[in-house]
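What you are looking at is a predicted structure, and each value in this text was computed from that prediction instead of being measured.
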Amino acid sequence: MCCRARHTGQHDAYGQELARVTHHQHKAAAARFTVFQALAAAGIGHEQADDIMSRVEAGAARPRRLHALLVARLRQPFDPGLG
C-alpha cells in the first residue's frame, strides 16, 4: 500500500469544506480587526474594546447599536485631555 492517499471524491469534499471554513475565518478576523480600528479611532481603549467585542461576539450587544454608538462618539469634538 502506498503512503499517498488516493484521490477520491471524499478528499475533494474535505478540501472544499476546509477552504470554505478557512475563508470564513479570514473574513471574521478581518472584520474583527476593522472593528478594533474603528473603536480605536473613536478613542476607545484596548481593554474597553476587548469588552465590547466580547459582548458583540457573545450576542449580548447588537452590531447596529455598536455602530450607532461609534458614529455618535466620532461626531463629538476631539478632546486631547481624554485618555
Extract all donor-acceptor atom pairs below 3.5 Å that involve side chains of residues 21-28 and protein atoms in other chains or at least two apart in sequence.
residue	atom	partner	partner atom	Å
T22	OG1	L18	O	2.8

Requested in this report: Mind checking side chain to side chain donor-acceptor pair (under 3.5 Å) for E47 and listing every partner two or more places apart, or none if nothing turns up?
Outcome: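 Per chain and number, E47 pairs via side chain to side chain donor-acceptor pair (under 3.5 Å) with no residue.
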Query raised in the report: Can you list the residues that meet the side-chain contact (heavy atoms from CB on, under 4.5 Å) rule with A31, with sequence neighbours excluded?
Result: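 Per chain and number, A31 pairs via side-chain contact (heavy atoms from CB on, under 4.5 Å) with no residue.
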Query raised in the report: Quick one: side-chain contact (heavy atoms from CB on, under 4.5 Å) partners of A38, sequence neighbours excluded?
Result: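 Once residues adjacent in sequence are excluded, the partners of A38 under the side-chain contact (heavy atoms from CB on, under 4.5 Å) criterion are L70.
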**Report entry** Nearest-0.5 Å distance that lies between atom CG in L39 and atom CD in Q48
**Finding:**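 These two atoms lie 8.5 Å from each other.
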Query - Pairing residues for D50 by the salt bridge (charged side-chain N to carboxylate O under 4.0 Å, His left out) criterion, not counting sequence neighbours - result: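 Salt bridge (charged side-chain N to carboxylate O under 4.0 Å, His left out) list for D50, sorted by chain: empty.
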Query - Pairs touching residues 28-45 that satisfy salt bridge (Lys or Arg N to Asp or Glu O under 4.0 Å), sequence neighbours left out - result: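 Salt bridge (Lys or Arg N to Asp or Glu O under 4.0 Å) check on residues 28-45 returns R32-E57.
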